[in-house]
Amino acid sequence: MNAPIDPAIAAESIEFTLDGQPMKARVGETIIQAAARQGVDIPHLCYKDGYRPDGNCRACVVEIEGERVLAPSCCRAPTPGMKVKAESERAVKAQKMVVELLLSDMPEKTYKPDSELAYWAGKLGVTDSRFESREQPACDESHPAMSVNLDACIQCNRCVRACREEQGNDVIGYAFRGSSSKIVFDQDDPMGASTCVACGECVQACPTGALMPAGGVGMVKADKKVDSVCPYCGIGCQLTYHVKDDKILMVTGRDGPANEERLCVKGRFGFDYARHPQRLTKPLIRRADAPKHKDFVVDPSNPLAAFREASWEEALALASGKLREIRDSKGPNALAGFGSAKGSNEEAYLFQKLVRTGFGTNNVDHCTRLCHASSVAALLEAVGSGAVSNPVRDVLHSEVIFLIGSNPLVNHPVGATWMKNAVKNGAKLIVCDPRRNDLQRYATHFLQFKPDTDVAMLNAMMHTIIEEGLVDEAFVNDRTSGFEELKKNVADFSPEKMAKICGIPAQTLREVARMFATSKASMILWGMGVSQHVHGTDNARCLISLVMMTGQIGRRGTGLHPLRGQNNVQGASDAGLIPMVFPDYQAVGNRTIRQKFEELWGTTLDPNPGLTVVEIMDAIHDGKLHGCYIMGENPAMSDPDVDHARDALAKLDWLVVQDIFLTETAYFADVVLPASAFPEKDGTFTNTDRQVQLGRAAINPPGDARQDLWIIQEMARGLGLDWNYSGPKDVFNEMRKAMHSIAGITWERLQAEHSVTYPCENEGDPGDEVVFIDKFPTPNGRAKLVPAKLITANEKPDTEFPMVLITGRQLEHWHTGSMTRRASVLDNIEPIATVTINPADMAALKVKAGDVITVESRRGKIALYARVDPNVPVGAVFIPFAYYEAAANMLTNPALDPFGKIPEFKYCAVRLKKGGTPTQLSTYGGGQAKPVTA
């Protein structure tokens, strides 16, 4: 049956026939692609849409009139008037022979009941094979995430292309010759011992089950499949849950705009946390004989010992009632709320509305304060918008990619694949970071600058651009302000002078500046290595100025992109979970704006900006803040100087925590409300590309756990608000009235299209992937260039604390570990806390990999296992912050950037000592501790 021809391609297409039916192919399409687009499916196995065609299985052969041999339709492009037969006797006979030969090597055990080989065997009527099977290789179960069943391998090479060309990981290869040919990992290592990063792209690519999720889950037929999005980093990968008996069996990537079916280890294998035995299933109330203290000790055998179970009626009445008492007796500003970037846009919107209308204060914040607050402050100041200008995938249109303060291989793995693909297509990558990462091998230049010297390095580049006449003067004159002040400031920052400060040779600084300024399309992407400093806003100001002075914005492959760390930190910020702005970054101090929200919400609003995350903790210590409502955040792990934060939480008169696990923060709660995990809720989520996407519930909350939206609404009613939202759609429709940026996005459109990019101001607007094309959303339409002086870190190394601590994420763990450390595969791969050290520093300390080291700052100390890594600079150590038993934020400095109010997570002084006793708490339950060997 033929599908109708797309009229858009009719004018420029190639007409041919397939089995007597007229076909139209787009320029550059192969026969199989043109046929599939028009509803005709030709048998195939080695071919996969989106992958480079290999043509090695010959299951897709077709007969072409006038040609002696059959042609692989996956590699052959049609020509005008070509007559193709896929169902001729000759073609079908060859297709059947290929399938029959491949079936002869299949094992009796079926690893993938819905395999593509089985499908095509059925379609072609091949039920058995006349040929003898070769000797079956042994299965490899060495990897915790995937099993290797080469007895089912047809050597189609899809896994090789998936690993090398799609993900760019270069782990899987094809080795040996003749009948000994096979798929190998690295140098024919067991998969579990190889450099595999467990993205699982090979599993999704495999047509037979030769590569499958571990544990045999792929052999179980799902009851249903539910399309949704990933709950981890800000890339916003679309995925599909495969569900049976209300449990997620496995996850596959979906063809979303940010990922095109790609996933990482977290997105593919990090979902069984939702059914972890430690899920909260009933409301909890603190026992009268269980006082709160910052030095709490959890009994691993009974972590709920400090609480008693309660009904929802009792828990909600007590939770909201006590907060209401504090509001009425001590005033609205005695209360505060922490929302969550892990929840939906609707949850974030309702939560900030509750704090502002139910508490009567703007004391509401979330984790953006701890990741990109300085970036947002600089962007709002300069261009009038805190969002990215271009999507991550725009690197495919870039000539130069400038990556600074980010390790996307770990933090945004799918985003990193687009960068690797871009380099292979000819783009030049510049990587700037104090710590090396594996993207450096793709880089034209790797700038390993000294920690804390971002401004020196970036100002030196701007100095070069001005000195050498590389400024885009037309762009600067027409679309910016403040250039003369910027020019005066960078005059003192010559590369020769700055080389001594940042550690990058002057000639390299000049080369990189020229490369960035003269390319047709340069794009900057950055992470928290830029933002988490006392000079984080200045760092971002420099990046903005670098783009503006060269006119590298407003086009494909250009622009500014701060990579968002959590799945909905962009959406939560847009929705108003920030103390100084209402939804859509509208200032609370602006009378006109405030009146608009007072009319929409039917109340009087506080005109004063509220307190930020760290300021709230200080206010508790100062006796000014007495009650707090925390939804899905974990400040007892995420705040800097967590000893100080935990002490503050213990001092609160009343703390209500809404979460899915008894997190470190929930241990301090007076009431704990069991909420819904990501796969259990419907709602919208906004990724780092400004794409609003629909997440769908695949499973039900366990026990008496409830939907977060329901809990927020019940808390609001307890505070005296008359809320009656029927569900997320109802809330989203109100958000459209409050937020001009999404006013044109309807719920029905999201259900149909799954993803719409904002700004989308009117219904029917396509949504703008690239913004700032003609003007900036500032009062005068111009970007403001702001000079940056050298400001050093708040705390420098000295003789007492001679080394620098850098913190960050690992590939397998995310945020404070509350989800990933309860995901069995992820915790099995990285089960214990480590400190990563340069070999030279390890030698000086006389330790080896696997030894215990105590790391101490002026605020605390922790003991961890040593891991050697030459990518860490001499004089620095790296500690991931996901481990409760060795919380990196026990050490970090709470000093704040004066503009973004973000703490200086990325730089503080520490000292090392051989030995110590690591804390071993079995509060998570996943992998077992094992020696650290690398």
Side-chain angles (χ1 to χ4, degrees), residues 375 378-385 388-390 394 398-405 428 430 432 445 447 454-495 497-498 502 504 506 508-526 530 535 537-562 770-778 780-790:
S375 302
L379 287 166
L380 287 172
E381 170 189 63
V383 300
S385 169
V388 303
S389 68
N390 297 59
D394 247 28
S398 300
E399 282 192 1
V400 171
I401 305 163
F402 190 87
L403 178 69
I404 179 169
K428 297 175 181 177
I430 301 164
C432 313
H445 289 78
L447 278 57
D454 312 59
V455 170
M457 180 182 70
L458 296 170
N459 273 351
M461 289 178 60
M462 287 189 276
H463 176 103
T464 300
I465 290 167
I466 293 171
E467 182 185 65
E468 299 187 7
L470 304 177
V471 173
D472 186 336
E473 293 185 2
F475 187 92
V476 168
N477 293 334
D478 295 343
R479 299 193 56 190
T480 73
S481 62
F483 178 71
E484 289 305 317
E485 291 79 5
L486 181 77
K487 182 177 179 180
K488 291 175 186 177
N489 181 66
V490 302
D492 292 332
F493 287 84
S494 71
K497 288 172 64 176
M498 293 304 104
C502 68
I504 305 299
T508 301
L509 291 170
R510 290 184 180 277
E511 287 175 6
V512 167
R514 293 183 198 118
M515 189 185 301
F516 184 89
T518 59
S519 92
K520 293 179 181 178
S522 294
M523 184 174 179
I524 295 180
L525 303 100
W526 73 93
V530 165
H535 49 78
T537 303
D538 278 339
N539 292 346
R541 285 167 172 161
C542 289
L543 297 174
I544 294 166
S545 296
L546 186 59
V547 160
M548 298 304 163
M549 68 163 50
T550 55
Q552 298 284 9
I553 199 162
R555 308 185 309 279
R556 282 287 184 194
T558 67
L560 297 155
H561 195 119
V770 179
V771 293
F772 314 143
I773 295 171
D774 301 313
K775 63 180 181 179
F776 297 98
T778 57
N780 62 5
R782 291 172 173 263
K784 180 181 179 181
L785 308 186
V786 182
K789 299 289 186 181
L790 284 183

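Quick caveat, the model's predicted, so the values are computed rather than measured.
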- Go through L509 and C502 one step at a time and tell me if the side chain to side chain contact (heavy atoms under 4.5 Å, CB included) criterion holds. CA-CA 10 Å; L509 291 170; C502 68; 4.2 Å; yes
- Note on the structure: In this structure, CE of M461 is separated from CZ of R514 (nearest 0.5 Å) by 11.5 Å
- Counting N and O atoms only, with roles assigned by atom type, does the side chain of E381 sit under 3.5 Å from a partner on the main chain of R541, one being a donor and the other an acceptor? no
- Sidechain-backbone polar pair: R556 side chain, A521 backbone, donor-acceptor under 3.5 Å: no
- Quick one: does F402's side chain get under 4.5 Å of L543's, heavy atoms only? yes
- Is there a side-chain contact between H561 and N390 (heavy atoms, below 4.5 Å)? no
- Derivation and outcome, side chain to side chain contact (heavy atoms under 4.5 Å, CB included), residues F516 and V547: CA-CA 9 Å; F516 184 89; V547 160; 4.1 Å; yes
- Message: Within the structure provided, determine whether E467 and S494 are in side-chain contact (heavy-atom separation under 4.5 Å).
- Response: no
- Say whether, by atom type as modelled, one donor and one acceptor occur between the side chain of N489 and the main chain of A788 under 3.5 angstrom. yes
- Heavy-atom side-chain contact between V476 and E473 under 4.5 Å: no
- Item | Closest heavy-atom pair and its distance - W526, A540 | CZ2-CB, 4.5 Å
- Message: Within the 4.5 Å heavy-atom criterion, are M515 and H445 side-chain neighbours or not?
- Response: yes
- Query: Are the side chains of T550 and L470 in touch, meaning some heavy atoms are under 4.5 Å apart?
  - Reply: no
- Taking atom CD1 of I401 and atom CD1 of I524, what is their separation to the nearest 0.5 Å? 12.0 Å
- Note on the structure: Minimal heavy-atom distance between P777 and S385, with the atoms involved, is CG-CB, 4.0 Å
- Query: So how far is it from N459 CG to M462 CE, rounded to the nearest 0.5 Å?
  - Reply: 4.0 Å
- Correct closest heavy-atom pair for V490 and H463 would be O-ND1, 2.9 Å
- Task: Quick one: do F493 and L790 satisfy side chain to side chain contact (heavy atoms under 4.5 Å, CB included)? Show the steps, please.
- Result: CA-CA 10 Å; F493 287 84; L790 284 183; 3.6 Å; yes
- Query: With no hydrogens and no angle check, is any side-chain donor or acceptor of T558 less than 3.5 Å from a backbone partner on R555?
  - Reply: yes
- Query: Does R782 use its side chain to pair, donor to acceptor, with the backbone of N477 at less than 3.5 Å?
  - Reply: yes
- Query: What heavy-atom pair brings V770 and I773 nearest, and what distance separates the two atoms?
  - Reply: O-CD1, 3.6 Å
- Message: side chain to side chain contact (heavy atoms under 4.5 Å, CB included) for K487 and V471? Distances and angles first, verdict last.
- Response: CA-CA 11 Å; K487 182 177 179 180; V471 173; over 6 Å; no
- Query: Can any side-chain N or O of N539 pair as donor or acceptor with the backbone N or O of V530 at less than 3.5 Å?
  - Reply: yes
- Note on the structure: When rounded to the nearest 0.5 Å, the distance separating OG1 of T480 from CD1 of I544 is 12.5 Å
- Note on the structure: Given the options D472, L546, T518, I465 meets side-chain contact (heavy atoms from CB on, under 4.5 Å) only with L546
- Note on the structure: In this structure, CG of L458 is separated from CG of L447 (nearest 0.5 Å) by 9.5 Å
- E485 bridged to K784 by N-O distance under 4.0 Å: no
- Query: Does any non-hydrogen side-chain atom of F772 lie less than 4.5 Å from one of L560?
  - Reply: no
- Message: Minimum heavy-atom separation for A517 and Q552, please, with both atom names.
- Response: O-NE2, 3.8 Å
- State the CD1-OG distance between I553 and S522, to the nearest 0.5 angstrom. 12.0 Å
- Message: Strictly distance-based, threshold 3.5 Å: is any side-chain N or O of K497 a donor or acceptor partner for the main-chain N or O of D492?
- Response: yes
- Message: Is any side-chain heavy atom of I466 closer than 4.5 Å to one of F483?
- Response: yes
